[in-house]
Amino acid sequence: MFTTKCAMQNIRNVAIVGSGLMGSGIAQVSASSGLNVILTDVKQDSIDNAMKSIHKSLTRISKKQSGSDKEKADYVTLTMSRIKTSNNVSTAVTDADLVIEAAIENIDLKRGLFAQIEQSAKKDAILTTNTSSLCLEDIAKGIDDKTRFGGLHFFNPVPMMKLLEVIRSDQTSDETYATLIKYGKAIGKTTVSCKDTPGFIVNRLLIPFLFEAVRMYEREDASMTDIDAAMRLGASHPMGPFELADYVGLDTCKFIMDGWAAKYPDNPAFAPSPLLDALVSEGKLGRKTKEGFYSYKKN
Ligand code: 3HC
C-alpha cells in the first residue's frame, strides 16, 4: 500500500531550488516516490513553512490510505526523512541528478540561478525550470550545455494535480526529454509534452479563459457567482474562474498576462483587465491575502 520505491534507475537525487508553494509540492511528490530530495532557498522561514506544509499535506494524504495508524505515521516520517534542506544553492545541487528551479518568475533571477547551478552541478545532471509563463530559451541564455535543459511545469496543489507538462526547447536532447518523461511517470503524474511556447498547453488556454470571465463580469453580462456556478455545474470545472483566479493568485495572473501582452501586443487574447489590475494594486491578491475577487476573511 504505501509505495515508496521509484522505478527510475538514473534519477535518485533531486534538488529543488525555491521552497514556495510549488517547490514544496514538488519536493513532497518526489520524496513520496522514493527519491532523495534537497530543498533549497535563501530564506530560512520559507523553508520552515515549506516543511510544515509538506508535513500537513502528507498527513492529510496518509489519513485517506488504508493501514494502521503506525503505518500512516511511518509513511509521513519516512517521506519527510528523504527531504533535506539547504540555504546554499551551489552546495545543494552538487549531488543532484535532476535540478528543478521553482523560484519566483523573474528572468534575471532565474538566469543568475542557472549560472550558479551549472557551475556546481554534475556535468550530466539535468537542469529544469518550473516556469509558468517565461520562455525557456530566454531563461537558458547563459547555460552552456542547453541539451540537458528543459521545462517541468507542475500545477497547484502539486500533490493533488495529476498533470505534469514536459517542455523541450529546440536544443533539449532526446535523452534529456526521455528522462524527464520517465521522472514524471515515476512520481505518478500523467505527462504531456509541449514546445517552448507562451504558457505551454494549460496556461495558454487557462489564463485567457480567466481573463475572458473577468471581461464578461466587467461588461455586466453576469455576476461573478453566476459565472463561477455556470462553469462548475455546466462545464464540470472544480472551481469557477473567479475562484480559480483567487486560488492561483491575481498577481500571478496579472504577471503572466502582462508578460505576454508586452511580447505579443497584437494578440487580443492577451489584453489586460482594468478590474484585475485595480485589485492587484490594492493588494487584493486572492486567497493568500484573504481577499481577491472574493473575501476569505473570517467574520
Ligand atoms: N495536499 C493533500 N491533500 C489535499 C491538498 C494538498 N495540498 N489539497 C487538497 N487536498 C485534498 C483534501 O484532503 C481533500 O480530500 P478528501 O476530500 O478526501 O478529504 C481533497 O483534496 C479535496 O479538497 P477540499 O475538500 O479542500 O477542496 P476541493 O474539493 O475543492 O478540492 C482542489 C481542492 C483539489 C484544489 C480542487 O478544488 C481543484 O482541483 N481545483 C482546481 C485547481 C487547479 O485548477 N489548479 C491548477 C491551477 S493553474 C496552475 O497551477 C499553473 C500555474 O502555472 C499558474
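Whatever order the structure lists ligands and atoms in, that order sets their numbers, starting from 1.
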P238 neighbourhood, listing ligand 1 atoms whose heavy-atom distance to it stays under 4.0 Å: 38 (C), 39 (O), 40 (N), 41 (C)
Distance-only side-chain donor-acceptor flag, S90 / Q119, under 3.5 Å: no
Protein contact to atom 30 (O) of ligand 1 [nearest heavy atom, distance to 0.1 Å]: M239 CE, 4.9 Å
Pair T191, K185: side-chain N/O donor-acceptor within cut-off below 3.5 Å: yes
Short side-chain donor-acceptor distance under 3.5 Å, N36 and N13: yes
Residues D124, R148: salt bridge by 4.0 Å N-O rule: no
For ligand 1, the portion of V248 having any non-hydrogen atom under 4.0 Å away: side chain
Any non-hydrogen protein atom less than 4.0 Å away from atom 1 (N) of ligand 1: yes
Side chains of T289 and Y296, donor plus acceptor under 3.5 Å: no
Charged N-O contact under 4.0 Å between K254 and D277: yes
For L206, the ligand 1 atoms whose distance to one of its heavy atoms is below 4.0 Å: 48 (S)
Carboxylate-amine/guanidinium contact E218 R215, below 4.0 Å: no
Within-shell test, K63 vs ligand 1, heavy atom, strictly < 4.0 Å: no
Proximity of V202 to ligand 1 by residue part, where a heavy atom lies under 4.0 Å: neither
Structural part of I61 in contact with ligand 1, heavy atom criterion under 4.0 angstrom: side chain
Minimum-distance protein heavy atom relative to atom 18 (O) of ligand 1: K64 CD, 2.8 Å
4.0 Å protein heavy-atom contact status of atom 25 (O) of ligand 1, strictly under: no
Flag for E101-T128: side-chain donor and acceptor within less than 3.5 Å: no
W260 and F270 aromatic ring geometry - parallel, tilted or perpendicular at 30°/60° bounds: tilted
For the student: nearest non-hydrogen atoms of A213 and I227, plus distance: O-CD1, 3.8 Å
Winner among E243, M160, E165, R232 once heavy atoms are compared against atom 11 (C) of ligand 1: M160
Aromatic Y247 / basic R287 pairing, under 6.0 angstrom, 45° off normal: no
Under-4.0 Å protein heavy-atom contact, atom 50 (O) of ligand 1: yes
Ligand 1 contacted by L244 (non-hydrogen, < 4.0 Å): yes
Nitrogen or oxygen of H153 less than 3.5 angstrom from that of ligand 1: yes
Contacting atoms of ligand 1, where contact means under 4.0 angstrom from a heavy atom of S132: 53 (O)
Top protein contact for atom 46 (C) of ligand 1, by heavy-atom distance: N156 O, 3.5 Å
No-hydrogen, no-angle side-chain donor-acceptor test under 3.5 Å, T94 and T91: no
Under 4.0 Å to a heavy atom of F155 - the qualifying atoms of ligand 1, by number: 49 (C), 50 (O), 51 (C)
Region of S57 that comes within reach of ligand 1 [heavy atoms, distance under 4.0 Å]: both
Pick from P157, G25, S24, S53: the one approaching atom 34 (C) of ligand 1 most closely through a non-hydrogen atom: P157
4.0 Å protein heavy-atom contact status of atom 22 (C) of ligand 1, strictly under: no
Part of M161 within contact of ligand 1 (heavy atoms, under 4.0 Å): side chain
Over all atoms of both residues, closest heavy-atom pair of L276 and L250: CD2-O, 3.7 Å
Distance-only N or O hit between ligand 1 and R60, under 3.5 Å: yes
Protein non-hydrogen atom found under 4.0 Å from atom 28 (P) of ligand 1: no
K290/D246 salt bridge by N-O under 4.0 Å criterion: no
Any non-hydrogen protein atom less than 4.0 Å away from atom 32 (C) of ligand 1: no
